Asks: 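Questions regarding the structure given below will be posed in turn.
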Amino acid sequence: MEDAAALDRRVSPLKNFVAGGVGGACLLFAGHPLDTIKVRLQTQPKASCSQYVLYTGTYDCFRKTVSREGVLGLYKGMGAPMATIAPMMAISFFSFGLGKQLLQSDPAAPHTHSQIYLAGMLSGVFTTVIVAPAERIKCLLQVQSTTGQLKYAGPVNCVVRLYREQGIRSVYKGTVLTLIRDVPSGGLYFLTYEYLKSVLTPEGQSVHELSTPRILLAGGTAGILNWVLALPPDVLKSNFQTAADGHYKGLVDVLRTLIREEGAKALFKGLSAVMLRAFPANAACFLGFELALKSLNWLAPNW
């Protein structure tokens, strides 16, 4: 029987793929309501002197959304991520595992922090193919409810209309900003989780024996640090993806316009909603991943 240390070092991209899908499903159900609030706060129009802002903060957005649309209003736009979040996280964990495998010259040696960070960055590159269009659709559906103009009937209708109007480029609008957001933050995400798992593992035990509360702590903390780095480009992405065609000349124009109109603080709109969502959503994600991986190691130890 393989010892625990050897099992810790072995990387199975296939197992990571399956377990990552489970983790993604857990992340979606735990985090989507606050994601809706985050997007609505980020994209609400700047108030003029003669009008009030639509939402004064996270709680106000939550209260108004529930009162006007019911609890299901918090799950607006969930169709697109529901179809993509599980495969997206599956690809994320798969590419992270693949990156670790490719960067590890000696299978018997533990991974360095730089190897883990680079493998995490690779996951951000791989997932953008799915994430960019899914985020575009999700943001459009989340925002349209606040404008009162229901242009899209649902995720499929949204994709079809975007494609008919301007082709595949419209569906993938915001891809560069998605890469800017997810590549560096993906590295920090996985590095934080792996580091905390190692630190929180009692001496003489395997990281696979880590208790549920410690997995939740490591996963939740990784989620928070990930979003500290990812939030500014995420704000730019949300505004760019939901703006009318031609509103912004390019990515730099989004940044310049936001800072000119609202100041640097605009890059951190939705911060409280993001932080409230980041811990439970990512704690649930990593717990789901670890439980699924443990089950797979038991069912198919030689994968």
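For clarity, every value in this text was computed on a predicted model and none was experimentally measured.
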Asks: Let me confirm one number: the NE2-CD1 distance from His32 to Ile37, rounded to the nearest 0.5 Å.
Replies: 10.5 Å

Asks: Under the side-chain contact (heavy atoms from CB on, under 4.5 Å) rule, what do Trp227 and Lys38 come out as? Steps first, then yes or no, please.
Replies: CA-CA 12 Å; Trp227 276 104; Lys38 177 204 72 170; 3.8 Å; yes

Asks: Given Tyr172 and Arg136, is the side-chain contact (heavy atoms from CB on, under 4.5 Å) satisfied, shown in steps?
Replies: CA-CA 7 Å; Tyr172 274 87; Arg136 165 90 154 131; over 6 Å; no

Asks: Which pair of heavy atoms, one from Asp60 and one from Leu54, lies closest together, and at what distance?
Replies: OD2-O, 3.8 Å

Asks: Keeping the roles fixed (side chain from Lys197, backbone from Ile215), state whether a donor-acceptor pair exists under 3.5 Å.
Replies: no

Asks: Which heavy atom of Gly288 sits nearest a heavy atom of Val22, and at what distance?
Replies: O-CG1, 3.7 Å

Asks: Enumerate the side-chain hydrogen bond (donor to acceptor under 3.5 Å, both in side chains) contacts for residues 175-187, please, sequence neighbours excluded, ordered by first and then second residue.
Replies: Glu135-Arg181, Arg181-Asp234, Ser185-Asn226

Asks: Are Tyr75 and Thr36 close enough, and set up right, to give a side-chain contact (heavy atoms from CB on, under 4.5 Å), and what steps lead you there?
Replies: CA-CA 7 Å; Tyr75 287 89; Thr36 297; over 6 Å; no

Asks: Any chance CZ of Phe62 has more than 12 other-residue heavy atoms, nucleotides or ligands included, within less than 6.0 Å?
Replies: no

Asks: Quick check: closest heavy atoms across Cys26 and Ala284, and the distance to 0.1 Å?
Replies: CB-O, 3.4 Å

Asks: Which residues satisfy the side chain to side chain donor-acceptor pair (under 3.5 Å) test with Ser295, sequence neighbours excluded?
Replies: none

Asks: Once you round to the nearest 0.5 Å, how far does CD of Gln144 lie from SG of Cys139?
Replies: 12.0 Å

Asks: Look at the side-chain heavy atoms of Ile, Leu, Val, Met, Phe, Trp and Tyr, link any pair under 4.5 Å apart, and say whether Ile180 and Leu225 land in one connected group.
Replies: yes

Asks: Kindly say whether Ser170 contributes a backbone atom to a donor-acceptor pair with the side chain of Tyr163 at under 3.5 angstrom?
Replies: no

Asks: Where do Leu217 and Thr221 come nearest, in terms of heavy atoms and distance?
Replies: O-OG1, 2.7 Å

Asks: Quick one: hydrophobic cluster around Val160, which other residues, with the 4.5 Å side-chain cut-off, linked directly or via members?
Replies: Val156

Asks: Is the backbone of Gly120 close enough, under 3.5 Å, to the side chain of Ser123 for a donor and an acceptor to pair up by distance?
Replies: yes

Asks: If you round to the nearest 0.5 Å, how far is CG of Leu122 from CG of Leu118?
Replies: 9.0 Å

Asks: For Gly124, is there any backbone N or O sitting under 3.5 Å from a side-chain donor or acceptor partner on Thr128?
Replies: yes

Asks: Any chain of hydrophobic side-chain contacts (each under 4.5 Å) joining Leu14 to Leu299?
Replies: no

Asks: Consider only side-chain heavy atoms of I, L, V, M, F, W and Y, link residues closer than 4.5 Å, and tell whether Tyr55 and Val274 are in one cluster.
Replies: yes

Asks: Please tell me whether Val254 and Val235 are part of a single hydrophobic cluster in this structure, the criterion being side-chain heavy atoms less than 4.5 Å apart.
Replies: yes

Asks: Would you tabulate the side-chain donor-acceptor contacts of residues 242-249 under 3.5 Å, counting partners in other chains and residues two or more places apart, or write 'none'?
Replies:
| residue | atom | partner | partner atom | Å |
| --- | --- | --- | --- | --- |
| Thr242 | OG1 | Ser238 | O | 2.7 |
| Asp245 | OD2 | Gln166 | NE2 | 2.3 |

Asks: What distance do Lys15 atom NZ and Asn297 atom CG have between them, rounded to the nearest 0.5 Å?
Replies: 4.0 Å

Asks: Between Gln241 and Leu140, is a side-chain contact (heavy atoms from CB on, under 4.5 Å) present by the stated rule, with each step listed?
Replies: CA-CA 8 Å; Gln241 288 183 320; Leu140 286 172; over 6 Å; no

Asks: In terms of side-chain geometry, is the basic nitrogen of Arg40 or Glu69 positioned less than 4.0 Å from the acidic oxygen of its partner?
Replies: yes

Asks: To the nearest 0.5 angstrom, please state how far the CD atom of Glu209 sits from the NZ atom of Lys294.
Replies: 8.0 Å

Asks: Which residues, ordered by chain and number, are linked to Val252 in its hydrophobic cluster, where ILVMFWY side chains connect at heavy-atom gaps below 4.5 Å, directly or through other members?
Replies: none

Asks: Does His111 reach the main-chain N or O of Lys100 with its side chain, forming a donor-acceptor pair under 3.5 Å?
Replies: yes

Asks: Between the main-chain N or O of Pro133 and the side-chain N or O of Lys138, is there a donor-acceptor pair closer than 3.5 Å?
Replies: no

Asks: To the nearest 0.5 Å, what is the distance between CG (Leu103) and OG1 (Thr112)?
Replies: 8.0 Å

Asks: Tell me whether Gln104 contacts the main-chain N or O of Pro110 through its side chain, where contact means a donor paired with an acceptor under 3.5 Å.
Replies: no

Asks: For the residue pair Phe286 and Tyr189, categorise the inter-ring angle as parallel (less than 30°), tilted (30 to 60°) or perpendicular (more than 60°).
Replies: tilted

Asks: Passes ring-ring contact (aromatic ring centres under 6.0 Å, His included), Phe126 versus Phe94? Steps please.
Replies: CA-CA 9 Å; Phe126 273 54; Phe94 168 81; 7.0 Å; no

Asks: Does one hydrophobic cluster hold both Ile168 and Tyr152, with members joined at side-chain heavy-atom distances below 4.5 Å?
Replies: yes

Asks: Between Glu165 and Arg161, is there a salt bridge with N-O shorter than 4.0 Å?
Replies: yes

Asks: With side-chain hydrogen bond (donor to acceptor under 3.5 Å, both in side chains) as the rule and sequence neighbours excluded, what pairs involving residues 263-281 come up?
Replies: Thr58-Ser272, Glu262-Lys269

Asks: Verify whether the ring centers belonging to Phe93 and Phe17 lie closer than 6.0 Å.
Replies: no

